[in-house]
Enquirer: 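Following this message is one structure expressed as structure tokens.
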Amino acid sequence: YDTETTNSTIWGSIIEVGAVVVDKNLKEIGKLNIRGRMPEGEVPSAKALLVNSTSIDLLTKGNYSHYEFLGAVENFFVKAAPAMFMGWSNLNFDRRMFHFNFFKGNRYPYLTHSSPNQEHDGLHVARAAQTIDSKTLKTELTEAGNESLALEGLARQQGFDTSAAHTAYVDAHNSLKILRIIKDKHKTNWEKFLGTSTKSSVESILKGEGIYSIFENVKGRNMMYLVCTLHPAHCFHPSYASWGYLWDLRRDPEPFLNMSVNELKANLKKISPKALRIIKTNKAPVVLDKKFALKEKAYSDLDLETIKKRAQLVRSSENFCKNIQIINREAAEEKAQTQTQEDLLPEETLYEKFIPNKDTALFKTWHSSSWEDKLRLLDKFQDKRCSWFGQKIIYQEAPHILPTDLYRNIKSEIARRILSKNKEKWQTVLMAYTEIDILRDQASNRDDEEELKKLDQINEFIMSIEKKYETA
């Protein structure tokens with residue numbers, strides 16, 4: 001699947017979703033290609049609209065309102081379950097956008113990766129496949145001369161049509177076609193590539209005894225590491241529960257085992273590449289048999305017995321692994337102290353506290369009710385965030401049923417945000433004008449008349465938003 005959005009931050013809205021449903025052989029059995037309008041009270045990013053070829057007409061006059069659009073996407077996903085959701089870098093972007101769009105839409109945020117569903121990332125699979133065998137895919141090079149696994153370039157190199165790249169359905173379909181090539185060329189590893197699509201599967205690897213090959217992108221280069229697990233009682237970050245630690249077996253752990261916490265901290269900082277590798281249990285890291293990384297020069301010079309001995313030393317040294325946890329806890333606490341303690345707005349608090357089960361159970365009833373009943377049901381929500389989101393949805397979809405005072409309060413809050421003269425986390429009118437000016441200069445330098453015309457249309461649209469909310 002793939003999304004296109006009004007902005008790349010959590011404040012943006014998904015306005016297009018493309019998805020292809022396939023069986024285990026990657027044969028197509030269903031699809032979704034849907035667009036929705038931008039919700040009322042939001043300021044879009046001009047750059048985002050240019051990238052995903054969204055005209056102001058598409059943004060404002062589509063068949064589906066944003067509320068209807070999210071409902072249609074949710075229904076499609078529910079009917080596809082149980083499923084494994086995959087995209088291209090979806091775990092860094094699309095999944096997060098669904099989290100916050102569903103959250104703000106009073107829908108269950110974690111639909112794509114909660115049981116019975118799982119989620120993986122086509123980019124992670126491609127990185128592992130390409131690192132194991134560089135002939136898997138034809139690739140372009142980055143400016144630094146490294147292999148690029150960017151979707152558009154890969155699609156182009158495989159001979160696919162990229163004229164409509166950055167539209168959601170085309171990107172989803174091109175991701176599928178690339179994954180078919182990988183599956184065909186890596187038949188014996190395909191299931192192993194997908195074996196870490198749940199948190200519990202990665203946690204099992206980290207808690208168990210083993211030596212593995214893992215894959216990372218480091219400064220633009222695809223890298224493979226031979227790693228072992230730590231002591232099972234101390235293999236996770238003490239503050240970030242989804243971070244698990246592994247030891248890079250090019251490093252002999254013996255000199256570090258009896259160091260004090262401060263000594264260990266100082267010595268680990270000096271090492272490059274890092275001795276400790278992080279894998280995140282919620283990010284579907286590809287973890288394969290040790291035989292692949294054993295071919296890398298850093299490890300092929302070592303005999304297998306030496307490697308096994310190092311792994312055993314790391315895993316059996318509980319105090320050493322405990323000291324690693326202490327170092328990481330102190331670093332996390334230090335970081336937390338330097339962060340500003342500002343009040344968060346409801347929209348950005350998804351990961352701060354769970355939505356009560358009572359409220360998620362009410363979502364279905366709320367969505368199936370009339371707009372008048374939706375307004376009455378708002379008092380039933382235990383979580384004030386759900387009540388606020390409900391008010392805002394009614395303001396966007398059926399403003400005529402809101403009491404006058406409530407309508408004015410919502411409009412006034414939107415105006416306070418989007419007309420702010422400060423640099424905010426969300427897109428303001430002023431930030432949009434600045435962005436358009438920069439993009440105009442760039443387009444003028446390229447003599448790109450078509451883009452300049454599009455920017456004029458976006459500018460007019462921003463002006464209309466500003467005019468509407470100036471009097472709030």
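Basis for what follows: all heavy atoms, side chains included, without hydrogens, waters or symmetry-related copies.
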Enquirer: For the pair D121 (side chain) and L91 (backbone), establish whether a donor and an acceptor sit closer than 3.5 Å, ignoring hydrogens and angles.
Expert: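 Flag set: sc D121 to bb L91 pair under 3.5 Å.
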
Enquirer: Surrounding CZ of R221 (heavy atoms of other residues, nucleotides or ligands, distance under 6.0 Å), is the total greater than 12?
Expert: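 No, not enclosed.
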
Enquirer: Step by step, work out the side chain to side chain donor-acceptor pair (under 3.5 Å) result for T54 and R35.
Expert: CA-CA 10 Å; T54 299; R35 258 191 177 272; 3.0 Å; yes

Enquirer: Whether E470 and K467 form a salt bridge (side-chain N of Lys/Arg under 4.0 Å from carboxylate O of Asp/Glu) is what I want to check.
Expert: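 No, no charged N to carboxylate O under 4.0 Å.
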
Enquirer: Around R180, counting heavy atoms of other residues, nucleotides and ligands shown, do more than 12 lie under 6.0 Å from its CZ?
Expert: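 More than 12 heavy atoms, drawn from other residues, nucleotides or ligands, come within 6.0 Å of this atom.
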
Enquirer: Using side chain to side chain donor-acceptor pair (under 3.5 Å), reason through S420 and E424 one step at a time and then give a plain yes or no.
Expert: CA-CA 8 Å; S420 168; E424 304 288 2; 2.6 Å; yes

Enquirer: Are any of the side-chain heavy atoms of L276 and D248 separated by less than 4.5 Å?
Expert: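 SC-SC contact between L276 and D248 ruled out.
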
Enquirer: So, applying side chain to side chain donor-acceptor pair (under 3.5 Å) with E347, which one of K425, R417, K104 is it?
Expert: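 With E347 as partner, side chain to side chain donor-acceptor pair (under 3.5 Å) holds for just one option, R417.
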
Enquirer: Strictly below 4.0 Å, N to O, side chains only: are D133 and K135 in salt-bridge contact?
Expert: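 No, this pair does not count.
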
Enquirer: What pairs meet the salt bridge (Lys or Arg N to Asp or Glu O under 4.0 Å) rule with one or both residues in residues 36-46, with sequence neighbours excluded?
Expert: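 For residues 36-46: E40-K468.
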
Enquirer: Using a 6.0 Å cut-off, check whether atom CG of N357 has over 12 heavy atoms from anything other than its own residue.
Expert: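 At most 12 heavy atoms, drawn from other residues, nucleotides or ligands, come within 6.0 Å of this atom.
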
Enquirer: Return the minimal non-hydrogen interatomic distance between S444 and L452, and the atom names on each side.
Expert: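 Closest pair (atom of S444, atom of L452, distance): OG-CD2, 3.8 Å.
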
Enquirer: Judged by atom type as modelled, is there a donor-acceptor pair below 3.5 Å linking the side chain of S89 to the main-chain atoms of N92?
Expert: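 A pair under 3.5 Å: no.
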
Enquirer: How long is the straight-line distance from NZ of K280 back to CH2 of W243, given to the nearest 0.5 Å?
Expert: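 Taking CH2 in W243 and NZ in K280, the distance rounds to 5.0 Å.
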
Enquirer: Are H113 and H120, when compared by the centres of their aromatic rings, separated by less than 6.0 Å?
Expert: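 Distance test on ring centres: not under 6.0 Å, no.
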
Enquirer: Output the distance between atom CE (M38) and atom CG (L49), rounded to the nearest 0.5 Å.
Expert: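 So the gap between those two atoms works out to 8.0 Å.
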
Enquirer: Decide if atom CG of D23 counts as having more than 12 heavy atoms of other residues, nucleotides or ligands within a radius under 6.0 Å.
Expert: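 More than 12 heavy atoms, drawn from other residues, nucleotides or ligands, come within 6.0 Å of this atom.
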
Enquirer: Go through the steps for K47 and E435 under the test salt bridge (charged side-chain N to carboxylate O under 4.0 Å, His left out), then give the verdict.
Expert: CA-CA 8 Å; K47 187 171 184 180; E435 181 189 31; over 6 Å; no

Enquirer: Can you confirm whether or not the ring centre of Y407 sits under 6.0 Å from the ring centre of H400?
Expert: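 Between Y407 and H400, the centre distance exceeds or equals 6.0 Å.
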
Enquirer: Please say whether more than 12 non-hydrogen atoms of neighbouring residues, nucleotides or ligands are located less than 6.0 Å from OH in Y64.
Expert: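 For Y64, atom OH is not crowded (no more than 12 foreign heavy atoms under 6.0 Å).
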
Enquirer: Measure from the ring center of W371 to the ring center of Y67 and say whether it is less than 6.0 Å.
Expert: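 Yes, they do, as the ring centres are separated by less than 6.0 Å.
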
Enquirer: Do V17 and F76 have side chains that get closer than 4.5 Å, going by heavy atoms?
Expert: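 A side-chain contact is absent here, since even the closest heavy-atom pair is not under 4.5 Å.
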
Enquirer: Taking 4.0 angstrom as the limit, do R376 and D379 come out as a salt bridge?
Expert: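 No, this pair does not count.
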
Enquirer: Let me see the working for E451 and R446 under salt bridge (charged side-chain N to carboxylate O under 4.0 Å, His left out), right down to the final yes or no.
Expert: CA-CA 10 Å; E451 187 160 307; R446 297 193 309 269; 3.1 Å; yes

Enquirer: What I'd like to find out is whether the side chain of L288 reaches to under 4.5 Å of the side chain of Y212, using heavy atoms alone.
Expert: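 No; the side chains remain at least 4.5 Å from each other.
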
Enquirer: Give a yes or no on whether the backbone of Q158 and the side-chain of K138 come within a donor-acceptor separation of less than 3.5 Å.
Expert: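 Checking the backbone N and O of Q158 against the side chain of K138, no donor-acceptor pair under 3.5 Å is found.
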
Enquirer: In the structure I gave you, are the side-chain heavy atoms of V21 and K31 within less than 4.5 Å of one another anywhere?
Expert: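 Side chain of V21 against side chain of K31, heavy atoms only: no contact under 4.5 Å found.
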
Enquirer: In Å and rounded to the nearest 0.5 Å, what is the CD1 to CG distance from I355 to L362?
Expert: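 Going from the CD1 atom of I355 to the CG atom of L362 covers 12.0 Å.
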
Enquirer: Evaluate the side chain to side chain contact (heavy atoms under 4.5 Å, CB included) criterion for residues I279 and Y245: first the C-alpha distance (whole Å), next the side-chain angles of each, then the deciding distance (0.1 Å), finally the verdict.
Expert: CA-CA 7 Å; I279 61 170; Y245 284 103; over 6 Å; no

Enquirer: Out of F381, W388, F389, which residue meets the side chain to side chain contact (heavy atoms under 4.5 Å, CB included) rule with R385?
Expert: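 That would be F389; it is the only one of F381, W388, F389 passing the side chain to side chain contact (heavy atoms under 4.5 Å, CB included) with R385.
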
Enquirer: Quickly, which of I214, V227, L246 forms a side chain to side chain contact (heavy atoms under 4.5 Å, CB included) with V287? Name it, please.
Expert: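 Result for side chain to side chain contact (heavy atoms under 4.5 Å, CB included) with V287: I214.
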
Enquirer: Between K192 and D289, is there a side-chain N and carboxylate O pair less than 4.0 Å apart?
Expert: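 D289 and K192: not salt-bridged.
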
Enquirer: I'd like to know if R156 and E152 make a salt bridge, using a cut-off of under 4.0 Å between side-chain N and carboxylate O.
Expert: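 Answer for the salt bridge query: yes.
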
Enquirer: Report the distance from atom NZ of K283 to atom CD1 of I278, rounding to the nearest 0.5 Å.
Expert: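 With rounding to 0.5 Å, NZ (K283) is 12.0 Å from CD1 (I278).
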
Enquirer: Looking only at heavy atoms, what is the nearest atom pair of T142 and S148, with distance?
Expert: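 Smallest interatomic distance, heavy atoms only, reads CG2-CB, 3.8 Å.
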
Enquirer: Are there more than 12 heavy atoms of other residues, nucleotides or ligands under 6.0 Å from atom CD of E352?
Expert: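 Check passes, neighbour count above 12.
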
Enquirer: The test is side chain to side chain donor-acceptor pair (under 3.5 Å); show your working for E119 and S197 and say whether it passes.
Expert: CA-CA 5 Å; E119 189 156 7; S197 55; over 6 Å; no

Enquirer: Is there side-chain contact between L345 and W11, with heavy atoms separated by less than 4.5 Å?
Expert: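 Heavy-atom side-chain distance check passes, below 4.5 Å.
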
Enquirer: If I compare all heavy atoms of S45 with all of N7, which pair ends up nearest, and what's the gap?
Expert: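 Smallest heavy-atom distance, with atoms named: CB-ND2, 4.1 Å.
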
Enquirer: Ring centres under 6.0 Å, that's the criterion: do H99 and F103 meet it?
Expert: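 Centroid distance H99-F103: not below 6.0 Å, so no.
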
Enquirer: Between K453 and D456 (salt bridge meaning N to carboxylate O under 4.0 Å), is one present in this structure?
Expert: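 No.
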
Enquirer: Restricting to non-hydrogen atoms, name the atom on E4 and the atom on D2 that form the minimum distance, rounded to 0.1 Å.
Expert: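 That closest heavy-atom pairing would be OE2-OD2, 3.2 Å.
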
Enquirer: Is the gap between the ring centers of F102 and Y108 under 6.0 Å?
Expert: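 No.
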
Enquirer: For the residue pair Y1 and V20, establish whether any side-chain heavy-atom pair is separated by less than 4.5 Å.
Expert: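 SC-SC contact between Y1 and V20 ruled out.
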
Enquirer: Closer than 3.5 angstrom, by distance alone: can the side chain of T6 be matched with the main-chain N or O of S13 as a donor-acceptor pair?
Expert: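 It does hold such a pair.
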
Enquirer: I'd like to know whether CD of E143 has more than 12 heavy-atom contacts from other residues, nucleotides or ligands below 6.0 angstrom.
Expert: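 No, because the 6.0 Å sphere around CD of E143 holds 12 heavy atoms or fewer from other groups.
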
Enquirer: Give a yes/no verdict on a cation-pi contact between R277 and Y225, requiring under 6.0 Å between NZ or CZ and the six-membered ring centre and an angle within 45° of the axis.
Expert: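 Pair R277/Y225 counts as cation-pi.
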
Enquirer: Do L151 and I178 make a side-chain contact, defined as non-hydrogen atoms from C-beta onward lying under 4.5 Å apart?
Expert: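 Touching, per the 4.5 Å side-chain cut-off.
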
Enquirer: W88 versus L154: any side-chain heavy-atom pair under 4.5 Å?
Expert: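 Yes, at least one pair of side-chain atoms sits under 4.5 Å.
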
Enquirer: Can you spot which of F77, F93, Y110 makes a ring pair (Phe, Tyr, Trp, His ring centres under 6.0 Å) with F98?
Expert: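 Passing option: F77.
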
Enquirer: How about K177: does its NZ atom have over 12 heavy atoms from other parts shown lying under 6.0 Å from it?
Expert: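 Yes, because the 6.0 Å sphere around NZ of K177 holds more than 12 heavy atoms from other groups.
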
Enquirer: What closest approach, in Å, do G87 and S175 show between heavy atoms, and which atom pair accounts for it?
Expert: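 Scanning both residues, the minimum pair turns out to be C-OG, 4.5 Å.
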
Enquirer: Looking only at heavy atoms, which two atoms of M97 and G12 are closest? And how far apart?
Expert: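 Heavy atoms only, the tightest pair is CE-O, 3.7 Å.
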
Enquirer: Would you check, one step at a time, whether the test side chain to side chain donor-acceptor pair (under 3.5 Å) holds for T198 with Q118?
Expert: CA-CA 6 Å; T198 62; Q118 306 169 28; 5.7 Å; no

Enquirer: Report the C-alpha distance between H124 and F215 in whole Å, list the side-chain angles of each, state the deciding distance to 0.1 Å, and finish with yes or no for ring pair (Phe, Tyr, Trp, His ring centres under 6.0 Å).
Expert: CA-CA 8 Å; H124 296 182; F215 305 84; over 10 Å; no

